Amino acid sequence: MGDFDMNLLSASPIHKYNDFENIFSKKYREYYQEISKISYDTTNKYILCDTNWHAYNFDKIIKSWSIKQQLNPFFTVDAVSFKSDFLNFIEFKNAKLSDEKKYQIYLKIDESYRWFEKVFLESHWLDAIDIKKRFIFVYNPEKIANGDKGYRDINGTIEALANNKIPKESKGEIVKSKLRRINEMSILLKYFDDIQFLTADEFMKDIGKYCNR
C-alpha cells in the first residue's frame, strides 16, 4: 500500500456543526453579504437573485486567502451558508453552459470541498464532523436554453465526476429523474448529502431553507 495520511482519520479539531459555523462566521464575518451582491453577474450587469437574505461570499474568501498565501486563486463556488445542520455550497449561473463552464463546475465543487478539508479543518475530512453538505445550483432558465436539453447538460457535468453514462430517456422523463440520478452520484462520490438544481425563482421562493437574514 502507498503512503496514507493517518491524520485524516484522527479526530477533527472541530467536532460539531455549531462549532463549525461559529468558528467560520467569526473568521469570515466581513464576507457575509446579501445574496443580491453575490449573485450579481458582472459581465451582463444582472442580479440573478435580488434579495437581502445573506450568505458568505466564498469566492472573495478564497481570493483573499490566496493572496495571503501568495497563490493564484482557484475555482470555487460563489457562496456558502449554514442552515438547519447543512453546510450549503451555492453556485449562481446566469450563462449558457459551454463545455468549459461545465468543466469549471467540477473544479468549483472539488476545490471548494477540498479547501474546507485541507485548510479550514487542517487536513481532516468533512465526514468526520456531524454536518450535512448540500450543493445548490441556481440558474437563469432563459440562459440555459432548450428546456430538457439544458437539464441534460447540467446532469452530464455533474455525473461526469463519477464517470457515469447518461441513460437515454424520453423527453418527459429527463426533468423527472434529474435529482434522483444526481443524488445517486452524490452518494457515490460522498461529496454531498443533497443536491438541488433550482431556477432563480425556485431558489427565491424557498430561500429561507438555505440562507439567513
Side-chain angles (χ1 to χ4, degrees), residues 28-67 71-83 86-113 115 133-161 166 171 174-175 178-179 182 191-192 194-213:
Y28 299 109
R29 185 69 186 179
E30 64 183 293
Y31 300 99
Y32 193 62
Q33 296 181 344
E34 292 181 354
I35 293 295
S36 59
K37 294 181 179 179
I38 302 175
S39 68
Y40 180 67
D41 177 0
T42 56
T43 301
N44 298 296
K45 296 180 170 54
Y46 181 82
I47 300 174
L48 185 59
C49 298
D50 194 359
T51 175
N52 61 1
W53 286 78
H54 286 66
Y56 292 92
N57 191 324
F58 195 57
D59 186 54
K60 287 191 174 181
I61 288 174
I62 296 304
K63 285 180 179 177
S64 175
W65 177 83
S66 298
I67 290 172
L71 299 171
N72 292 323
F74 46 88
F75 288 102
T76 63
V77 295
D78 295 317
V80 295
S81 67
F82 299 88
K83 191 75 177 199
F86 270 96
L87 167 61
N88 297 305
F89 295 73
I90 310 173
E91 177 66 13
F92 298 100
K93 190 60 61 181
N94 183 51
K96 293 182 180 180
L97 289 178
S98 64
D99 288 341
E100 179 182 3
K101 290 188 181 296
K102 283 188 249 181
Y103 181 65
Q104 286 176 4
I105 293 175
Y106 158 71
L107 293 177
K108 285 170 179 280
I109 290 173
D110 185 69
E111 295 182 8
S112 297
Y113 199 97
W115 181 88
K133 290 85 63 183
R134 177 192 286 127
F135 176 63
I136 307 170
F137 187 91
V138 184
Y139 64 96
N140 182 347
E142 295 179 3
K143 290 294 181 72
I144 298 181
N146 301 325
D148 288 340
K149 182 180 181 300
Y151 285 124
R152 181 183 291 278
D153 288 343
I154 299 173
N155 284 339
T157 301
I158 307 299
E159 291 198 15
L161 296 176
I166 303 172
K171 182 177 179 180
I174 294 173
V175 175
K178 68 187 178 79
L179 287 179
I182 295 303
Y191 275 127
F192 304 107
D194 183 32
I195 291 181
Q196 296 288 331
F197 288 120
L198 304 172
T199 66
D201 287 343
E202 289 171 337
F203 178 71
M204 293 279 284
K205 181 180 178 181
D206 290 327
I207 195 169
K209 294 181 181 179
Y210 313 118
C211 301
N212 299 283
R213 290 289 189 180

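Position 1 is the first residue of the sequence, and the numbers go up from there. Hydrogens, waters and symmetry mates are skipped; everything else that's a heavy atom, side chains included, is used. Values in this document were obtained by computation on a predicted structure and should not be read as measured data.
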How many angstroms lie between atom CD of Gln196 and atom OH of Tyr210, to the nearest 0.5 angstrom?
4.5 Å

Closest non-hydrogen atoms of Cys211 and Phe203, given as atom of the first, atom of the second and distance, are SG-CZ, 3.9 Å

Separation between CG of Leu48 and CG of Asp78, rounded to the nearest 0.5 Å
9.5 Å

If you take all heavy atoms of Val138 and Cys49, which pair is closest and at what distance?
CG1-SG, 3.9 Å

Between Ala55 and Val80, which heavy-atom pair has the shortest distance, and what is it?
CB-O, 3.6 Å

Can you name the closest pair of heavy atoms from Phe75 and Glu111 and give their distance?
N-OE1, 3.0 Å

Is there a side-chain contact between Lys108 and Thr76, using heavy atoms and a 4.5 Å cut-off?
no

Heavy-atom side-chain proximity of Ser64 to Tyr31 below 4.5 angstrom
yes

Flag the pair Lys60 / Gln33 as yes when at least one side-chain heavy-atom distance between them is below 4.5 Å, and no otherwise.
yes

Apply side chain to side chain contact (heavy atoms under 4.5 Å, CB included) to the pair Ile136 and Phe89, showing each step before the final yes or no.
CA-CA 6 Å; Ile136 307 170; Phe89 295 73; over 6 Å; no

Please examine the side chains of Met204 and Thr51, heavy atoms only from C-beta on, and report whether any two atoms are closer than 4.5 Å.
yes

Side-chain ion pair, Lys63 and Asp59, N-O less than 4.0 Å
yes

Find out whether Leu107 and Phe74 are in side-chain contact, i.e. whether some heavy atom of one side chain is under 4.5 Å from a heavy atom of the other.
no

Is the shortest side-chain heavy-atom distance between Ser39 and Ile47 below 4.5 Å?
yes

For Arg213 against His54, the heavy-atom pair lying closest together:
C-ND1, 3.5 Å

Measuring from Leu198:CG to Phe92:CZ, what's the distance to the nearest 0.5 Å?
10.0 Å

To the nearest 0.5 Å, atom CD1 of Ile67 lies from atom CG of Asn72 at 10.5 Å

Nearest heavy-atom approach of Asn212 to Tyr32 is CB-OH, 3.3 Å

Can you tell if the side chain of Phe82 reaches within under 4.5 Å of the side chain of Tyr56, non-hydrogen atoms only?
yes

Going from OG on Ser81 to CG on Leu87, what distance comes out if it is rounded to the nearest 0.5 angstrom?
7.5 Å

Tell me whether the centres of the aromatic rings in Phe192 and Phe135 are closer together than 6.0 Å.
yes

Under 3.5 Å donor-acceptor, Asn88 side chain and Ile90 backbone:
no

Can any side-chain N or O of Asn94 pair as donor or acceptor with the backbone N or O of Asp41 at less than 3.5 Å?
no

Test your reading of the model: is there a side-chain donor-acceptor pair from Glu34 to the backbone of Trp53, 3.5 Å cut-off?
no

Ring centre gap for Phe197 and Phe137 strictly below 6.0 Å
yes

Let me confirm one number: the CD-CZ distance from Glu91 to Phe58, rounded to the nearest 0.5 Å.
11.5 Å

